[in-house]
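See below for the structure under consideration.
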Amino acid sequence: MRVNRISRARNRTMVGLSVAALTVGATSAAGPAAAEPAAKPKAAPAAAADCSAAYKIEQKLAAGTKWTMCWRYDSYAGLVLENVSYQPKGEARPIRVLTSAKVAQIHVPYDDGSVEYDDLTGAGFAQGLMNMAPGECPGGTIKTVRVPGGDPQQPNVKGLCTTTRSRGHAYRMQGDTANKVWQQQGKDLLVYTVNQTGWYEYITEWRFQDDGQINMNVGATGSLSPSDYDAGDGRGWPIGKGAKDYATSHSHNVFWRLNFGLDGNPKNKVEQYDSVVSPPAQGGEAPRNKTTRTKITKELAGDAKNMRWWRVVSTTGKNKDNHARSYEIVPGATSKYPGRSYTKKDIYFTQYKKCEQFASHNPRNCGAGAGKSVDKWVNGQNLTHPVAWVNIGFHHVARDEDQQPMPVHWQGFSLTPRDVTAMNPLTPPALADQNGQVE
């Protein structure tokens, strides 16, 4: 990640200057609006995304599921998705899930302590948006993005891909008779950009499944910095012939910021669930597992643990079984970095505040003593409009196979629908009556 190639070194320096020149507190953006929209309470399921056709993404998948959202391009975060709604087959109206969602920092510290980067707010991530050829967006559409603070000679970049892709089995079930198998192949809407920052190229990918799940991933590719082949003190890995060049190890700590607005209402609830396994009771045949719920009513800096999970719950909408709609946060594989206060936790829930936009080195002015990182914003406020910050880390110890170019290494998490619909939204009509106890 350390920039040593002359052209890229100049790009990092100049982009850093252009980003710093932007007005702090009023981040420039390309899209329907520069500021995050305020979600307003609604008594009914949310309407479709409200933006012009140029900034609207709408896709109906083969199973009948429809995803709708708006997009804009921020001078720090790059791609921002807003007013994300999901309408499975059988639902009369779209169901709002998120008011806004974005990557909120990519923090890259090197193992030798020589340097660390905040790629979004300090290294010109957004200005590094790459043009994509049609082959990088198979079967899809590449949208043109006006990059704020970018190259004034080429401000428009063909850099946003929207396409669909098969993901394999959505489900499979053997019927009551051996000659009947219920199965369906799943389909996803993909939305992604590629941003070059130094030697790395980050693929910011959002996958919206036909069963209502959302997957957020960042993939790092590009190339290793050859001038970083100087880790001869055990903080690197030999690259190339013999043991001459050692690539310095480093971490990629990616944060996402999710401003929920389930059913169009920002006043959602947060719940934490923990399970504890105990030995078998006297005379019992197996260990026992008890799951308890904790209502999170104040801001939280949370640690992921075995058999612990969180969900964000609607206070407005219920499914047809009269269960409150919610989305469960499912972290992916992570290597948590303990070197900075803001990277010591896996998840944060903060009360919404407009100026709190980036997990570290936040450029917005939140007032005296407010702090510049997400850990400083967890200070006991009541949690009535929760914003979730998810931290997923990857410790990159290079290998010979990272040359050349570097294979993509992915990190991310998922939002899984929990009681958003009364049944699997892909249930075939012949099984639609099998809800609960089958008579």
Side-chain angles (χ1 to χ4, degrees), residues 30-33 37 45-73 78-103 129 132-145 158-171 184-194 203-219 256 258-264 325 327 412-417 420-421 424-428:
D50 183 16
C51 52
S52 65
Y55 298 101
K56 186 175 184 179
I57 298 172
E58 188 173 68
Q59 180 69 53
K60 189 171 186 178
L61 298 168
T65 299
K66 183 177 180 182
W67 285 97
T68 310
M69 65 202 71
C70 297
W71 70 271
R72 64 181 178 89
Y73 198 81
L79 179 64
V80 181
L81 300 180
E82 297 175 333
N83 300 332
V84 178
S85 294
Y86 157 59
Q87 187 175 10
K89 185 173 60 177
E91 292 288 336
R93 287 174 286 190
I95 300 166
R96 178 67 53 81
V97 181
L98 294 163
T99 300
S100 69
K102 67 181 181 182
V103 176
L129 184 67
M132 280 191 271
E136 296 187 76
C137 186
T141 300
I142 300 176
K143 296 179 179 290
T144 299
V145 180
K158 294 184 180 298
L160 173 60
C161 172
T162 62
T163 189
T164 59
R165 190 173 298 171
S166 297
R167 68 173 185 278
H169 276 88
Y171 61 78
Q184 184 164 319
Q185 299 298 298
K187 199 88 168 180
D188 300 343
L189 163 65
L190 268 68
V191 180
Y192 56 92
T193 58
V194 179
I203 304 171
T204 303
E205 178 189 88
W206 304 80
R207 286 176 176 254
F208 301 91
Q209 296 186 185
D210 49 14
D211 60 3
Q213 180 163 305
I214 306 173
N215 305 294
M216 298 82 163
N217 293 289
V218 167
W256 287 260
L258 306 176
N259 180 9
F260 283 87
L262 293 173
D263 293 298
R325 292 192 179 106
Y327 264 82
F413 70 104
S414 301
L415 292 179
T416 298
V420 173
T421 53
N424 183 342
L426 306 182
T427 296

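Note: hydrogens, waters and symmetry copies are ignored here, and every other heavy atom, side chains too, is used.
In this structure the side chain of Gln184 never reaches within 4.5 angstrom of the side chain of His169, judged on heavy atoms. Leu415 has its side chain within reach of Phe260: a pair of non-hydrogen atoms, C-beta onward, lies under 4.5 Å apart. Ile203 is not listed as a side-chain neighbour of Val218, based on a closest heavy-atom distance of 4.5 Å or more.
In this structure, the separation between CH2 on Trp256 and CZ on Phe413 is 6.5 Å, given to the nearest 0.5 Å. Put simply, CZ on Phe208 and CG on Leu61 are 11.0 Å apart, with the number rounded to the nearest 0.5 Å. Taken to the nearest 0.5 Å, the OG atom of Ser100 stands 4.5 Å off from the CG atom of Asn259. A distance of 11.0 Å separates CG of Asp50 from OG of Ser85, quoted to the nearest 0.5 Å. Here the CG atom belonging to Leu81 is positioned 11.5 Å from the NZ atom belonging to Lys102, to the nearest 0.5 angstrom. Rounded to the nearest 0.5 angstrom, Arg72 CZ and Cys51 SG are separated by 12.0 Å.
In this structure a side-chain-to-backbone donor-acceptor pair under 3.5 Å is missing from Trp67 to Asp210. Using modelled atom types, no side-chain atom of Trp206 and backbone atom of Leu189 make a donor-acceptor pair closer than 3.5 Å.
Heavy atoms only, all atoms of each residue included: Ala170 and Leu426 are closest at CB-CD1, 3.7 Å. Arg325 approaches Glu91 most closely through the heavy-atom pair NH2-OE1, 3.8 Å. Here the closest non-hydrogen pair linking Ile142 and Met132 is CD1-O, 3.3 Å. Shown here for Val84 and Arg96, the closest heavy-atom pair between the two residues is O-CD, 3.4 Å. In this structure, Leu98 and Ala101 approach most closely via the heavy-atom pair CD1-CB, 4.0 Å. Scanning all heavy atoms of the two residues, the minimum distance from Ser166 to Lys187 falls at OG-NZ, 3.6 Å.
Leu190 pairs by the side chain to side chain contact (heavy atoms under 4.5 Å, CB included) definition with Thr163, Arg165, Asp188, Tyr192, Glu205, Arg207, not counting sequence neighbours. Lys66 pairs by the salt bridge (charged side-chain N to carboxylate O under 4.0 Å, His left out) definition with Glu58, not counting sequence neighbours. For the side chain to side chain donor-acceptor pair (under 3.5 Å) test, residues two or more places apart in sequence or in another chain that qualify with Thr193 are Asn195. For Thr162, the side chain to side chain contact (heavy atoms under 4.5 Å, CB included) partners two or more places apart in sequence, or in a different chain, are Ile57, Thr141, Lys143, Val191. Looking at residues two or more places apart in sequence or on another chain, you find a side chain to side chain contact (heavy atoms under 4.5 Å, CB included) between Pro425 and Tyr86, Pro88, Asp211, Thr421. Evaluation of the side chain to side chain contact (heavy atoms under 4.5 Å, CB included) rule for Pro134 yields no partner, not counting sequence neighbours.
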Output, in order, the C-alpha distance, side-chain angles, deciding distance and verdict of side-chain hydrogen bond (donor to acceptor under 3.5 Å, both in side chains) for Thr416 and Gln213. CA-CA 5 Å; Thr416 298; Gln213 180 163 305; 3.1 Å; yes
